[in-house]
Amino acid sequence: HPSNSQMEGGSVLERANCRAKGGAPGFKVAILGAAGGIGQPLAMLMKMNPLVSVLHLYDVVNAPGVTADISHMDTGAVVRGFLGQPQLDAALTGMDLVIIPAGVPRKPGMTRDDLFKINAGIVKTLCEGIARCCPNAIVNLISNPVNSTVPIAAEVFKKAGTYDPKRLLGVTMLDVVRANTFVAEVLGLDPREVSVPVVGGHAGVTILPLLSQVKPPCSFTKEETEYLTKRIQDGGTEVVQAKAGAGSATLSMAYAAVKFADCCLRGLRGDAGIVECAFVASQVTELPFFATQVKLGRGGAEEIYQLGPLNEYERAGLEEAKKELATSIEKGVSFIRK
Ligand code: NAD
Ligand code: LMR
């Protein structure tokens, strides 16, 4: 029997396409920016997810190499690669979930907002593609500054007439992952047993961990509260500084992105009771977007939960967070409305 590599490329591809079409139940997922620091481990982990039947890997560089590599993993999902703008529409057509880690990362000394100039245009172009080719897909937006890129995406979708606020989710899962880790460390618990809601947004003081609502119920001293809040808010900067010019969090982000994407897919499948934090269109505060716990279902973020009771420290943090968030949201909106 000829091995796959000896077979005619066409027949191998045909069988893969056939499997993708008829066979295994599952969802079609695209990663935009799949050859990047986040994109590569994210692609690998999504290839391991049994809920994924088709995985499209799009980037403006190196997509064929990453695709060839990942496609050799003996898991169910069929992997296809797409390189450059002319292949964007093909990458997006028919997708159920689109995950976007495309764009430049921070270097030491930069804020996430310093990335706006480059990443705003990238997110705009990619979201125009989504509006054209898979307007009903759930979108997980990772590209920074999330506090502005989510409003940009919303404006692009509004312009195209495809906007469904429930389906657009800014990924703040890494803040939750960090909060669970750091809080568990202080409490001497296994991080898998700890759940910390993190609300607001995804930059500096807009990242607001609600330590008064940690599960399992516990209490912290003033010093512990201040240490934990600051460490969670500065988690991204801690990694940027440690990487010393070689980029920002990629591996923990890929882990967080897959954890979040898996929740979105289980929601799409109809599983009950899936609640995670995300930066979404919201009426929880006077701001048009805000990160809180949301219930993920067939329609995306189907229910958006209120903040719950806050202590005085958190109420002060909330006011600070809202000030910065308002500016970042407005910057994103006006980038499209001009
Ligand atoms: P990276 O530079 O390693 O990778 C980015 C990838 O995007 C590259 O492969 C690049 O070719 C690709 N890209 C650039 N322009 C593109 C376009 N127009 N279309 C498709 N792909 C394009 O960066 P990274 O470390 O993977 O980080 C990516 C983004 O994620 C950054 O903006 C970073 O700040 C952000 N990030 C967000 C979080 C979060 O919690 N939301 C966490 C970590 C990083
Ligand atoms: C993070 O929180 O790690 C990301 O937003 C990347 C960064 O620039 O800090």
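We count ligands from 1, going down the list as the structure has it; atoms in each ligand are counted the same way.
Residue Gln85 does not touch ligand 1, judged by heavy-atom distances below 4.0 Å. Within the 4.0 Å heavy-atom criterion, neither part of Asp175 lies near ligand 1. Residue Ile38 touches ligand 1 through backbone and side chain together, judged by heavy-atom distances below 4.0 Å. Of the heavy atoms in Leu115, only side-chain atoms (C-beta onward) come closer than 4.0 Å to ligand 1. At a heavy-atom cutoff of 4.0 Å, ligand 1 is contacted by the backbone of Val104 but not by its side chain.
Short contacts between ligand 1 and Asn144, defined as distances under 4.0 Å to a heavy atom of the residue, involve ligand atoms 32 (O), 33 (C), 34 (O), 35 (C), 36 (N), 37 (C), 38 (C). Every atom of ligand 1 with a heavy atom of Val61 under 4.0 Å away is listed here by number and element: 11 (O). Ligand-side atoms of ligand 1 in range of Thr250: 25 (O), range being under 4.0 angstrom from any heavy atom. Atom numbering of ligand 1 starts at 1 in the shown order; those under 4.0 Å from a heavy atom of Val171 are 40 (O), 41 (N). Taking every heavy atom of Gly33 and a limit of under 4.0 angstrom, the matching atoms of ligand 1 come to 7 (O), 21 (N). Atoms of ligand 1 found under 4.0 Å from any heavy atom of Ala249 (numbered from 1 in listed order, with element): 43 (C), 44 (C). Under a 4.0 Å criterion applied to the non-hydrogen atoms of Val146, ligand 1 contributes the atoms 41 (N). Of all the atoms in ligand 1, the ones that sit under 4.0 Å from a non-hydrogen atom of Asn119 are 32 (O).
Among the atoms of Gly37, some N or O lies under 3.5 angstrom from an N or O of ligand 1. Ligand 1 has no nitrogen or oxygen under 3.5 angstrom from a nitrogen or oxygen of Ile122. Taking any N or O of Leu126, backbone or side chain, none lies under 3.5 Å from an N or O belonging to ligand 1. Ligand 1 has a nitrogen or oxygen under 3.5 angstrom from a nitrogen or oxygen of Asp59. The shortest N or O to N or O distance between Ser248 and ligand 1 is not under 3.5 Å.
Residue, atom and distance of the protein heavy atom nearest to atom 41 (N) of ligand 1 are Ile142 O, 3.1 Å.
Under 4.0 Å from any atom of ligand 2, one finds heavy atoms of residues Arg106, Arg112, Asn144, Leu174, Arg178, His202, Gly236, Ser248, Ala249.
Salt bridge Glu128/Arg132: absent, no basic N to carboxylate O contact under 4.0 Å. Under the 4.0 Å criterion applied to side-chain N and carboxylate O atoms, Lys158 and Glu155 are assigned as salt-bridge partners. Between Glu238 and Arg231, at least one side-chain N (NZ, or NE/NH1/NH2) sits under 4.0 Å from a carboxylate O, which counts as a salt bridge. The pair Glu226-Lys230 does not meet the salt-bridge criterion, since no charged nitrogen lies less than 4.0 angstrom from a carboxylate oxygen. By the 4.0 Å N-to-carboxylate-O rule, Glu276 lies too far from Arg266 to be salt-bridged with it. A salt bridge does not link Glu320 to Lys323: none of the charged nitrogens lies less than 4.0 Å from a carboxylate oxygen.
Between Leu92 atom CG and Leu32 atom CG the span is 5.5 Å, to the nearest 0.5 Å.
Relative to the ring axis of Phe335, Lys338 places its NZ or CZ within 45° and under 6.0 Å from the centre.
With atom 21 (N) of ligand 1 as the reference point, the heavy atom nearest to it among Ala257, Pro105, Ala254, Ala102 is part of Ala102. By heavy-atom distance, the residue among Gly170, Gly36, Ala256 lying nearest atom 4 (O) of ligand 1 is Gly36.
Residue-ligand proximity: Pro101 is placed with a non-hydrogen atom under 4.0 Å from ligand 1. Leu32 does not count as a contact of ligand 1, since none of its heavy atoms falls under 4.0 Å from the ligand.
A donor and an acceptor atom, one from each side chain of Thr206 and Asn147, are located under 3.5 Å apart.
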Which is it for Lys331 and Ser148 under the side chain to side chain donor-acceptor pair (under 3.5 Å) test, yes or no, and what are the steps along the way? CA-CA 6 Å; Lys331 189 169 172 179; Ser148 301; over 6 Å; no
